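Model, not experiment: these values are computed from the prediction. Below, read A as the first sequence line, B as the second, and so on, with proteins coming before strands; counting in each chain starts at 1.
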There are 2 protein chains.
Amino acid sequence: MKYGNRSIIRLSQYRNVLKRLYALGFLKVFSSNLSDAVGVTPAQVRKDFSQFGIAGNKKGGYDINDILKKMDGILGKDKVQKVIIAGMGNIGSALIHYKGFEKEGIEIVAGFDADPVKVKETGNVKIYHINKMYDFIRDNNIEVGIIAVPDNAAQAVFDIMVSAGIKGGLNFAPITLKMDQGCIMRNINVGVELETTIYFMNALKKQDELCS
Amino acid sequence: MKYGNRSIIRLSQYRNVLKRLYALGFLKVFSSNLSDAVGVTPAQVRKDFSQFGIAGNKKGGYDINDILKKMDGILGKDKVQKVIIAGMGNIGSALIHYKGFEKEGIEIVAGFDADPVKVKETGNVKIYHINKMYDFIRDNNIEVGIIAVPDNAAQAVFDIMVSAGIKGGLNFAPITLKMDQGCIMRNINVGVELETTIYFMNALKKQDELCS
DNA sequence: ATTATTTTGAGATATATTTCACAAAATAGC
DNA sequence: GCTATTTTGTGAAATATATCTCAAAATAAT
């Protein structure tokens with residue numbers, strides 16, 4: 001059983017909505033509620049759920065508590081995931097201070113930077129020099145890493161991560177990392193996202209002009 | 001002629017690689033070079049190019065300068081895109097200070113926040129109170145906006161943006177914005193990305209266990 | 001000038017993803 | 001208890017996306 005990327009992304013999105021609904025006191029949802037909230041079709045929600053073996057009651061919809069538990073299992077939420085961040089520039093610093101991860105069972109345990117000025121080995125989440133990263137990953141059995149270093153350093157930093165035991169994570173550097181099987185990195189590139197958006201905005205504008 | 005999301009995203013990625021190659025003194029590339037750099041198949045590169053009318057020379061590959069110009073046209077790089085950011089928290093602040101946009105023809109022209117403490121109407125890129133956002137968008141004909149406010153404020157802020165003239169942008173809030181046609185927003189949700197990555201890491205681990 | 005080699009371009013094929021459509025189950029009303 | 005209504009679950013159809021294959025063009029070699 002292999003599930004497509006898309007289904008998993010949506011599963012995480014459904015989960016976000018469900019947690020809010022549950023906090024509001026809701027006990028059950030219909031596929032159409034979720035589809036409205038996430039911006040997909042009800043059939044999509046049901047297909048996604050059925051792929052992961054998440055079942056509801058005909059006419060009764062889905063029991064939020066029930067399916068949240070199931071989702072937690074699927075998404076590996078049974079244990080806290082420890083994550084490190086390499087690069088304490090704008091994005092790295094933003095992420096290390098971001099409060100939203102904790103309640104998701106994701107804990108940023110350390111930051112690393114090549115610039116000694118950025119090092120700060122006191123405080124809540126410590127920032128070490130990058131040359132301590134390898135040992136830190138080894139000693140603490142870290143498996144998830146975030147690359148937020150400049151593009152020209154990204155591959156080298158990533159290689160160190162992998163050699164130390166990192167199995168996956170996120171890459172904010174605007175390059176495609178070279179890696180072997182057995183490692184999962186997702187790329188987040190704000191510039192590319194903005195360019196893409198602007199392209200579609202322009203395309204839409206042209207289309208409107210044609211219609212008017 | 002309608003092009004899929006994916007092709008446009010890759011076009012922007014190809015462009016990033018090509019600009020670097022050009023800066024290094026390269027004059028031409030083959031589809032296989034680009035595919036290596038971006039992590040796709042050569043056929044994918046060629047199909048993408050042919051969709052956008054980007055032509056190369058059989059045996060000679062593609063002329064970098066040529067196709068960069070063409071890409072600039074496709075991606076609307078002929079004029080500088082002015083962008084505003086709502087929300088000066090971790091992510092908003094990171095983006096407003098990010099240097100990478102400028103050379104992409106993207107200019108962050110202002111930030112906005114509801115917290116008076118964050119307001120700073122001096123300096124390079126000014127930060128105004130959020131209640132000045134509507135007029136700013138109107139007066140400066142801004143079309144691109146970035147939502148970096150907390151999730152419970154996101155829809156309201158977005159609605160103001162749209163009413164003032166925003167046509168698209170990025171949404172970092174972990175909700176799905178409700179909008180009519182004629183507006184393009186792309187969602188970036190670091191939490192979802194991390195969860196998805198961790199899911200695939202776990203799936204991979206299980207698979208490996210089965211094989212060994 | 002001819003032949004061999006390389007690489008594009010695109011139709012055909014394969015795969016992935018989404019939507020449709022409707023039977024089956026659960027609930028509510030009478 | 002029976003009927004009407006609602007909503008799930010899923011196979012089938014539709015759409016979107018990616019890969020394969022190979023002829024045609026361009027270049028290089030002899």
Partner residues of [X] under the side chain to side chain donor-acceptor pair (under 3.5 Å) criterion, sequence neighbours left out:
X	answer
Q81(A)	none
N171(B)	N187(B)
E195(A)	S12(B), R15(B), K77(B)
N131(A)	H129(A)

#### Entry: Rounded distance (Å) that lies between atom P of dT27(C) and atom CZ of F30(A)
11 Å
### Pairs flagged by side-chain hydrogen bond (donor to acceptor under 3.5 Å, both in side chains) wherever residues 172-185 of chain B is involved - sequence neighbours left out
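For residues 172-185 of chain B: none.
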With 3.5 Å as the limit, what N/O pairs link the protein to nucleotides 11-15 of chain C?
from, atom 1, to, atom 2, distance (Å)
dG11(C), N7, K47(B), NZ, 3.4
dG11(C), O6, K47(B), NZ, 3.1

### Message
Counting primed atoms plus P, OP1 and OP2 as sugar-phosphate and everything else as base, spell out the protein contacts along nucleotides 22-30 of chain D at 4.0 Å heavy-atom distance: B, S or - for each nucleotide, 5' to 3'.
### Response
--BBBB---
### Stretch residues 7-15 of chain A: residues that reach within less than 4.0 Å of DNA chain D through a heavy atom
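Hits under 4.0 Å, by residue number: none.
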### Residue pairs, two or more places apart or on separate chains, that pass ring pair (Phe, Tyr, Trp, His ring centres under 6.0 Å) and touch residues 133-154 of chain B
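Found F112(B)-F136(B), Y128(B)-F136(B).
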### Task
Sorted by first residue and then second, give each ring pair (Phe, Tyr, Trp, His ring centres under 6.0 Å) pair with at least one member in residues 61-87 of chain B; sequence neighbours left out.
F49(B)-Y62(B)
### Query
Taking only residues two or more places apart in sequence or in another chain, which ones pass side chain to side chain contact (heavy atoms under 4.5 Å, CB included) with T41(A)?
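Testing T41(A) for side chain to side chain contact (heavy atoms under 4.5 Å, CB included), a comparison that skips the adjacent residues, returns A43(A), Q44(A).
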Using distance only, find each side-chain donor-acceptor pair of residues 82-91 of chain A under 3.5 Å and give its atom names and separation, not counting sequence neighbours.
from, atom 1, to, atom 2, distance (Å)
K82(A), NZ, N140(A), O, 3.4
N90(A), ND2, H97(B), O, 3.2

